[in-house]
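Numbers here simply count residues along the sequence, with the first being 1. Everything numeric here is computed off the predicted structure, so don't read it as measured data.
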Amino acid sequence: MKTKYKLLSFLLTLTLVFSLLLSIAYAAEQTLNAYSIWPENWARPMFEEFEKATGIHVNFIRFSSGEALARVIAEKDNPKVDVLFGGPVATHIAGIAEGVFEPYKPPVFDVLADRFKDPDGYWVGISDDPLVFMSNEDFLKENNLNPPSSWYDLLDPAYEGLMQMADARTSGTAVTRIFSILEIFDRDEEKAFDYMKKLNKSIQVYTKSGGGGTIPVGLGEAGAGIFFIVDALKTQQEGYKVVVSFPKEGIGTAVEAIALIKGAKNPELGKKLIDWASSPAMQNLLSEYEINFVPAHPDVDVEPSLAKVLEGAANVFPIDSKFAGENRKRIVEKWVEEVLSQ
């Protein structure tokens with residue numbers, strides 16, 4: 001009898017262990033890996049909502065655009081992640097040239113406007129993100145200045161050494177800023193770089209990430225900066241006394257994109273994330289979480305307070321993603337050599 005109970009106990013234990021191993025294996029099968037260019041406080045709630053909707057967990061590490069691109073290129077022969085999530089599309093186009101992405105067209109592909117998708121499916125847009133000028137209110141009052149409404153306003157001596165904005169070696173925000181300036185000067189690189197050299201005198205520090213200068217501006221440690229609207233409005237939401245303005249000459253907006261990594265170890269799970277992120281399922285959540293991106297999907301409305309801010313934009317123009325992606329490396333190197341090294 002004792003032998004029978006021992007055998008039964010052993011079989012029950014074996015069944016439990018086997019079930020546990022199956023559960024672990026299933027959980028591993030339902031996990032994908034991503035590099036997120038969106039900051040953690042925006043990416044994490046989206047990935048948590050994705051897991052609620054699909055049961056798929058996302059392990060992710062956050063990097064600035066330049067860092068993320070450098071990593072997926074370095075890991076090309078042995079990819080560590082399945083998806084590159086977010087970031088200005090010039091980053092993704094530069095990645096296409098390096099052969100790091102696998103084409104995939106999600107179900108919404110045909111619904112998206114042309115500027116929100118690569119024709120071959122190497123990336124799709126999940127949102128749009130205009131650049132803005134953001135200034136500290138007290139700084140403006142102390143210097144008897146109106147919020148800057150022209151690129152040339154930023155050359156006022158009052159700003160000298162008191163602006164913070166991103167470093168193009170690491171930040172997609174900075175790359176978008178540079179290509180905005182190039183467009184303002186009709187892609188005349190001599191005039192555009194002459195302007196950037198003059199603007200460089202106003203720079204207190206170039207930050208590693210696109211939003212790195214927002215809090216210093218909010219605290220009054222810096223007077224102003226150029227940021228994506230999503231970062232600027234977050235600074236306002238956190239209670240800092242900052243004002244958002246737009247230059248009359250115009251300023252660029254960049255598509256935020258998502259792409260499947262070539263050779264991904266979990267490609268089917270990666271595709272499910274792309275399906276979800278490019279659809280209203282995710283983009284309707286942006287306003288709920290106060291993430292001020294402009295949705296890419298035409299069926300998702302712009303959050304009313306964000307739409308109101310955009311009404312003050314005289315001329316927000318799409319960055320030519322193809323031109324920016326193909327010239328990104330050369331222009332950034334030129335910026336480092338001619339502007340940063342001054």
Using the side chain to side chain contact (heavy atoms under 4.5 Å, CB included) rule, pick out the option among Val175, Val336, Leu182 that qualifies with Ile331.
->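 Only one option passes, and that is Leu182.
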Between Arg187 and Phe323, is NZ or CZ placed under 6.0 angstrom from the six-membered ring centre and within 45° of the ring axis?
->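 Flagged: Arg187 positioned over aromatic ring of Phe323.
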Using modelled atom types only, decide if a donor and an acceptor are shared between the side chain of [X] and the backbone of [Y] within a distance under 3.5 Å.
{"X": "Gln204", "Y": "Glu221", "answer": "yes"}
{"X": "Asn143", "Y": "Phe139", "answer": "yes"}
{"X": "Thr91", "Y": "Gly87", "answer": "no"}
{"X": "Ser171", "Y": "Ser209", "answer": "no"}
{"X": "Arg177", "Y": "Ala168", "answer": "no"}
{"X": "Ser64", "Y": "Gly66", "answer": "no"}
{"X": "Glu303", "Y": "Leu306", "answer": "yes"}

Do His297 and Gln283 pass the side chain to side chain donor-acceptor pair (under 3.5 Å) test, and can you show the C-alpha distance, the side-chain angles, and the key distance before you say yes or no?
-> CA-CA 7 Å; His297 196 286; Gln283 293 173 39; 5.8 Å; no
Ion pair present between [X] and [Y], side-chain N to carboxylate O less than 4.0 angstrom?
{"X": "Lys322", "Y": "Asp320", "result": "no"}
{"X": "Glu268", "Y": "Lys271", "result": "yes"}
{"X": "Glu333", "Y": "Lys329", "result": "yes"}
{"X": "Lys76", "Y": "Glu98", "result": "no"}
{"X": "Arg330", "Y": "Glu189", "result": "yes"}

Side-chain touch Pro247/Phe133, heavy atoms, less than 4.5 angstrom |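 Yes, close enough: below the 4.5 Å cut-off.
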Tyr195 versus Trp151: any side-chain heavy-atom pair under 4.5 Å?
->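 Sidechains of Trp151 and Tyr195: in contact.
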Decide yes or no on salt bridge (charged side-chain N to carboxylate O under 4.0 Å, His left out) for Glu238 and Lys234, but give the supporting numbers first.
-> CA-CA 6 Å; Glu238 292 177 343; Lys234 177 176 178 290; 2.6 Å; yes
When rounded to the nearest 0.5 angstrom, what is the spacing between [atom1] in [X] and [atom2] in [Y]?
{"X": "Ile93", "Y": "Ile96", "atom1": "CD1", "atom2": "CD1", "value": "6.0 Å"}
{"X": "Leu260", "Y": "Leu269", "atom1": "CG", "atom2": "CG", "value": "10.5 Å"}
{"X": "Ser278", "Y": "Lys117", "atom1": "OG", "atom2": "NZ", "value": "11.0 Å"}

Of the non-hydrogen atoms in [X] and [Y], which two are nearest, and what is the gap between them?
{"X": "Val339", "Y": "Met196", "answer": "CG1-O, 3.8 Å"}
{"X": "Phe109", "Y": "Asp118", "answer": "CZ-O, 3.2 Å"}
{"X": "Asp128", "Y": "Val255", "answer": "OD1-N, 3.6 Å"}

Asp82 and its side chain to side chain donor-acceptor pair (under 3.5 Å) partner, picked from Asn266, Thr31, Asn59 =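 Among the candidates, only Asn266 passes.
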For residues Trp38 and Phe85, establish whether the separation of their ring centroids is below 6.0 Å.
->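 Yes, the ring centres sit under 6.0 Å apart.
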So if you build clusters from Ile, Leu, Val, Met, Phe, Trp, Tyr with side-chain heavy-atom gaps below 4.5 Å, do Val111 and Phe293 land together?
->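 Not linked; separate clusters.
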Evaluate the criterion side chain to side chain donor-acceptor pair (under 3.5 Å) for residue pair Asn200 and Tyr206; output intermediate values, then yes/no.
-> CA-CA 10 Å; Asn200 190 56; Tyr206 288 107; 2.7 Å; yes
